[in-house]
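Just so you know, these numbers use all the heavy atoms, side chains as well, and skip hydrogens, waters and symmetry mates. Just so you know, ligand 1 is whichever comes first in the structure, and atom 1 is the first atom listed for that ligand. Because the structure is predicted, anything quoted here is derived from the model rather than measured.
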Amino acid sequence: MKILVTGGLGFIGSHTVVELQNEGFEVIAIDNLSNSSIDVLDGIERITGKKPLFENIDLRDKSAVQNFFSKHQDISGVIHFAASKAVGESVENPLLYYENNINSLVYLLQELQRKPEAHFIFSSSCTVYGQAEKMPITENAPIQVAMSPYGNTKQIGEEIITDVAKVTSINSILLRYFNPIGAHPSAEIGELPLGVPQNLVPFITQTAIGLREKLSVFGSDYPTFDGTAIRDYIHVVDLAKAHVIALQRLLKKQNSEKVEIFNLGTGTGSSVLEVINAFEKVSNQKLNYQIVGRREGDVIEAYANTDKANAILGWKAQYSLEEALSSAWQWEQKIRNK
Ligand SMILES: NC(=O)c1ccc[n+]([C@@H]2O[C@H](COP(=O)([O-])OP(=O)(O)OC[C@H]3O[C@@H](n4cnc5c(N)ncnc54)[C@H](O)[C@@H]3O)[C@@H](O)[C@H]2O)c1
């Protein structure tokens, strides 16, 4: 079966391509390389022995999307990762985010609705919950007003897919990721953040390798056990595997609703200081960090209740925080010492 992976050369997309190929799917990846490198294809090939088909297409180009689907009529499912994802940039340039994340989605769905049946997996985010009242967060927690245009594109994306499902034969699964980290254990693929990382783990590894002088810990006065913010860090390979399982569920018509929603996390919250300590342990490095004020827009804590994904998808995160941090460190060392 041929599966389209948009954003297939990006961080989560590339790991998902590997897992799809491992399960015997034929993959065609679309990416405009705006936040990834063509070399990722070689990394995937070194892991799986097979290079996925690749098309350098910008999904904002409606006619290019149309041409792609008329050329590839045998696509059985689509996993849609392609999006811009920098929260700060989305505040500065909201239209870039609305154009990229919304138009791309609409053009894909316009093509899929022509098919007698279609299967669609969407990258959503735990940001839709904002600061949830109860921990761990279930899929039924209320959606909160988005704190950034980026977060809003995820909420609008979910709404678009839900509206479209009512009147088409598109079956979808919305996957709400908590905090994806780590890299493939082979260190052949991983995260390639452009510029100054906004996420904790790439900032840690870049500081440890000497690319950044110091890590800033934003806030030590949160109402948590050690005062720092708590997140649910999930290994990207665990996340990638969940996509394959979700896709198989749709292909086998096991879904009970036209749009299903699952949290993808480990179910365990870790504080910033716990992550730093765990990193120091696995890397044998002392990390240069300082505590600074809170960062605007950060919630106090967010970790997933994963019961639904465990029970219905039969999926559970396997990797520990230490394993995830260790893989991120291997990857950082590999790309910097090239
Ligand atoms: N990484 C996270 O922390 C996180 C958390 C929650 C949700 N998500 C979502 O998961 C998805 C994948 O995230 P990621 O971390 O792998 O990001 P990424 O930036 O590494 O991957 C996205 C890929 O999409 C490509 N792309 C962007 N716009 C495109 C366009 N118009 N046409 C074609 N390709 C385009 C980029 O070049 C990149 O390779 C995104 O939708 C993101 O919003 C990510």
Q) Can you list the atoms of ligand 1 that are under 4.0 Å from a heavy atom of D58? A) 30 (C), 31 (N), 32 (N)
Q: Name the orientation class of the two ring planes belonging to F11 and H15 (parallel below 30°, tilted from 30 to 60°, perpendicular beyond 60°).
A: perpendicular
Q: With heavy atoms of Y150 as the reference, note each atom of ligand 1 found under 4.0 Å away.
A: 7 (C), 8 (N), 9 (C), 42 (C), 43 (O)
Q: Provide the number and element of each atom of ligand 1 under 4.0 Å from a heavy atom of S124.
A: 6 (C), 7 (C)
(Q) For the residue pair D61 / S63, report whether a side-chain donor-acceptor contact shorter than 3.5 Å exists. (A) yes
Q: Could you tell me whether some N/O pair between I12 and ligand 1 is separated by less than 3.5 angstrom?
A: yes
**Q.** A82-ligand 1 polar pair, N/O distance under 3.5 Å
**A.** no
Q) With the threshold set at 4.0 Å, does a side-chain nitrogen-carboxylate oxygen contact exist between E158 and R176? A) yes
Q: Provide, to 0.1 Å, the distance between atom 12 (C) of ligand 1 and the closest protein heavy atom, together with that atom's residue and name.
A: F81 O, 3.6 Å
(Q) Would G7 count as a polar contact of ligand 1, with the cut-off being nitrogen or oxygen pairs under 3.5 Å? (A) no
Q. Using 30° and 60° as the class limits, which term best fits the ring planes of F279 and W329: parallel, tilted or perpendicular?
A. perpendicular
Q: For the residue pair S169 and Q113, establish whether any side-chain heavy-atom pair is separated by less than 4.5 Å.
A: no
Q) For ligand 1, is S14 a contact, meaning one of its heavy atoms is under 4.0 Å away? A) no
Q | Residue, atom name and distance, where the atom is the protein heavy atom closest to atom 35 (C) of ligand 1 | A | N32 OD1, 3.1 Å
Q. Between NE2 of H184 and OG of S14, what distance do you get to the nearest 0.5 Å?
A. 9.5 Å
Q.
As an exercise, identify every atom of ligand 1 less than 4.0 angstrom from a heavy atom of S36.
A. 37 (O), 38 (C), 39 (O)
Q) Which of the listed options, V236, L175, D31, holds the heavy atom that is closest to atom 36 (C) of ligand 1? A) D31
(Q) Under 4.0 Å, counting heavy atoms only: does I57 come that close to any atom of ligand 1? (A) yes
Q.
Suppose we measure from atom 31 (N) of ligand 1 to each protein heavy atom; which comes out shortest, and what is that distance?
A. N100 OD1, 2.6 Å
Q. Could you state the interatomic distance from CG (L53) to NZ (K50), rounded to the nearest 0.5 Å?
A. 7.0 Å
Q: Report yes if some N/O of S34 lies less than 3.5 Å from some N/O of ligand 1; otherwise report no.
A: yes
Q | Contact atoms of ligand 1, heavy-atom distance to K154 under 4.0 Å | A | 40 (C), 41 (O), 42 (C), 43 (O)
Q. So which protein heavy atom does atom 22 (C) of ligand 1 come closest to, and at what separation?
A. A83 O, 4.0 Å
Q: Measure the distances from the heavy atoms of S84 to every atom of ligand 1 and state whether one is below 4.0 angstrom.
A: no
Q) Between K85 and ligand 1, is there a nitrogen or oxygen pair with a distance under 3.5 Å? A) yes
Q: Dump the intermediate steps for salt bridge (charged side-chain N to carboxylate O under 4.0 Å, His left out) on E139 and K308, then the final yes or no.
A: CA-CA 8 Å; E139 289 81 355; K308 190 176 174 195; 5.4 Å; no
**Q.** Whether Y97 and Y150 hold their rings parallel, tilted or perpendicular, with breakpoints at 30° and 60°
**A.** perpendicular
Q) Do N199 and Y233 meet the criterion of a side-chain donor-acceptor pair at a distance under 3.5 Å? A) no
Q) What is the closest protein heavy atom to atom 20 (O) of ligand 1, and at what distance does it sit? A) F11 N, 2.8 Å
Q. Within 45° of the axis and under 6.0 Å from the centre of the six-membered ring of Y107, does NZ or CZ of R60 qualify?
A. no
Q | Nearest non-hydrogen protein atom, atom 19 (O) of ligand 1 | A | N35 ND2, 2.7 Å
(Q) Taking A187's backbone N and O only, do any of them form a donor-acceptor pair with K334's side chain (distance below 3.5 Å, no angle check)? (A) yes
Q | Interatomic distance, Q318 atom CD to D238 atom CG [nearest 0.5 angstrom] | A | 6.0 Å
(Q) Quick check on contacts: which atoms of ligand 1 are under 4.0 angstrom from a heavy atom of S125? (A) 6 (C), 7 (C)
Q.
Quick test: of every protein heavy atom, which one is nearest to atom 21 (O) of ligand 1, and how far off is it to 0.1 Å?
A. G10 CA, 3.4 Å
Q.
Within ligand 1, which atoms have a heavy atom of L33 less than 4.0 Å away?
A. 37 (O)
Q. So which protein heavy atom does atom 3 (O) of ligand 1 come closest to, and at what separation?
A. P180 CD, 3.3 Å
**Q.** Point-to-point distance, once rounded to the nearest 0.5 Å, from OG of S124 to CG of N263
**A.** 9.5 Å
